[in-house]
Amino acid sequence: MKHIMIIDDSPTIRTSVEYALMGLGYPIANAENGSDALKKIAAIKGKGDDVALCIVDVNMPVMDGITFIGEFRKDDKFTPVLVLTTESEEQKIRAGKEAGASGWIVKPFSNQDMVKVVQRLVK
Amino acid sequence: MIRSESNRFGKTLYILYPGDYFATSANCLLATVTGSCVVVCIHDAARNIGGMGHFILPGAMGTEGIIADDIAKQGIASMEHLMGEMVKQGSSRKSLRAILYGAGVFGSGASAGATSGGNIRFLHEYFSLEKIHVSREDLGGTVRRKIFFCPRTGVSYRKFLKNNNDHSEFMKLENEYISYMFVNKEKCGRIILFD
Ligand SMILES: [Mg+2]
């Protein structure tokens with residue numbers, strides 16, 4: 001079974017993204033920072049399941065989103081990673097792309113746009 | 001936001017304008033004036049970091065709660081800007097508390113009251129979802145407020161403004177900001193796909 005992993009320090013954002021993606025039928029996993037996400041992804045893979053997509057925030061305590069992408073990409077080159085953040089500076093976006101992000105959405109997002117982007121990335 | 005060094009407080013004073021957000025661990029003061037907008041002060045007592053955000057939810061919220069509400073998305077994004085600045089200063093959500101001001105009712109008609117009520121409901125729901133304790137709130141009413149906040153100590157001071165003409169420049173900026181937010185209430189951020 002393939003999960004969508006939502007990584008954000010804000011419970012409000014995690015719930016909003018989960019709400020937007022409800023209709024897609026993917027099981028949702030949550031993490032509150034990059035390091036928490038790496039552990040949970042390892043546990044999912046350890047059970048023989050997989051991750052279809054990670055949606056990750058940038059500004060989080062413990063491990064930020066850009067660092068997470070770099071770590072995640074060390075042993076997973078293909079699973080799409082979508083950044084969801086308030087950050088819109090070109091420099092940050094470039095850093096995300098270089099770390100291995102597949103896309104970048106600046107908050108606030110519309111539920112329809114989120115669904116479209118996710119469908120395109122998991123295809 | 002403007003920064004002033006020469007003031008009666010003897011420390012740097014940052015004056016936030018409507019739509020601004022700022023967080024710091026410096027020994028300074030943050031100040032703003034609000035009518036209809038909300039002012040959120042956040043303090044991390046474990047790390048002596050504080051921040052302030054000045055924003056408005058552009059309209060009344062529906063009854064389904066902030067997760068399902070399109071107007072609330074704008075408020076969540078405004079809070080995300082402030083929380084992001086707190087995180088950049090080294091703060092973590094676990095040791096935060098919030099102080100809430102503003103959401104005054106100005107102008108006649110039901111929409112002014114509905115906007116104020118929607119903003120207040122938004123704040124209550126947001127901080128409850130975030131599990132952040134609200135240690136003090138002074139919201140609503142037909143009063144303009146001047147707010148001072150010390151980001152290091154978390155101490156805030158609120159003064160009701162008696163004479164609206166004292167801050168006419170601020171009120172003009174607030175009205176411009178509110179009009180902008182209402183016109184762009186469905187505004188979303190950019191979407192970039194890298195491939
Ligand atoms: Mg964040």
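Values in this document were obtained by computation on a predicted structure and should not be read as measured data.
Of the charged side-chain nitrogens involved, none lies within less than 4.0 Å of a carboxylate oxygen, so that B/K131 and A/E32 do not count as a salt-bridged pair.
When atom types are taken as modelled, the side chain of B/E130 and the backbone of A/T12 share a donor-acceptor pair closer than 3.5 angstrom.
Both the backbone and the side chain of B/L193 come within contact range of chain A, each with at least one heavy atom under 4.5 Å from a heavy atom of that chain. At a 4.5 Å heavy-atom cutoff, B/A72 makes no contact with chain A through either its backbone or its side chain. Interface residue B/S91: only backbone heavy atoms are found under 4.5 Å from chain A. For A/A20, no part lies under 4.5 angstrom from a heavy atom of chain B. Looking at B/K88, the atoms closer than 4.5 Å to chain A (heavy atoms on both sides) all sit in the side chain, from C-beta outward.
Cluster membership for B/Y101 and B/V143, using ILVMFWY side-chain heavy atoms within less than 4.5 angstrom, is not shared. Taken together through direct or relayed side-chain contacts under 4.5 Å among Ile, Leu, Val, Met, Phe, Trp and Tyr, B/I120 and B/Y126 form part of one hydrophobic cluster. Under the 4.5 Å side-chain heavy-atom criterion for grouping Ile, Leu, Val, Met, Phe, Trp and Tyr, B/I49 is not connected to B/M52 through any hydrophobic cluster. Note: the hydrophobic cluster containing A/M114 does not contain A/V56 (ILVMFWY, side chain heavy atoms under 4.5 Å, direct or indirect links). A chain of hydrophobic side-chain contacts below 4.5 Å, direct or via other Ile, Leu, Val, Met, Phe, Trp or Tyr residues, connects A/I28 to A/L121.
In terms of heavy-atom proximity, A/Y19 sits nearest to B/E64 at OH-OE1, 4.5 Å. Across all their heavy atoms, A/S16 and B/I67 have their closest contact at OG-CD1, 3.6 Å. Scanning both residues, B/A77 and A/K107, for their nearest heavy atoms gives CB-C, 4.3 Å. Residues B/K187 and A/P108 approach most closely at O-CG, 3.4 Å, considering heavy atoms. For the residue pair A/S88 and B/R190, the shortest heavy atom distance occurs at O-NH1, 3.7 Å.
More than 12 heavy atoms of other residues, nucleotides or ligands lie within 6.0 Å of NZ in A/K45, so this atom counts as buried by the packing criterion. Atom CZ of B/R136 has more than 12 neighbouring heavy atoms from other residues, nucleotides or ligands inside a 6.0 Å radius. Shown here is B/E186, whose CD atom has no more than 12 heavy atoms of other residues, nucleotides or ligands within 6.0 Å. When the shell of 6.0 Å around CD of B/E5 is examined, it contains more than 12 heavy atoms from other residues, nucleotides or ligands. Environment of NZ in A/K40: crowded, with over 12 heavy atoms of neighbouring residues, nucleotides or ligands closer than 6.0 Å. Surrounding NZ of B/K11 are more than 12 heavy atoms belonging to other residues, nucleotides or ligands, all under 6.0 Å away.
B/M83 contributes atom CE, which lies 7.5 Å from atom OG of A/S10 (distance to the nearest 0.5 angstrom). The CD1 atom of A/I93 sits 3.5 Å away from the CD1 atom of B/I192 when rounded to the nearest 0.5 Å. To the nearest 0.5 Å, atoms CG (A/N59) and CD (B/Q89) are separated by 11.0 Å.
With chain B as partner, the option from A/D57, A/I13, A/V58, A/T86 having the largest number of non-hydrogen pairs under 4.5 angstrom is A/T86. Contacts with chain A were tallied for B/D70, B/V87, B/I66; B/V87 has the most, counting heavy-atom pairs under 4.5 Å. Contact count versus chain B (heavy atoms, under 4.5 Å) is highest, among A/V117, A/T85, A/D9, for A/D9.
The shortest distance between side-chain heavy atoms of B/I191 and A/F109 does not fall below 4.5 Å.
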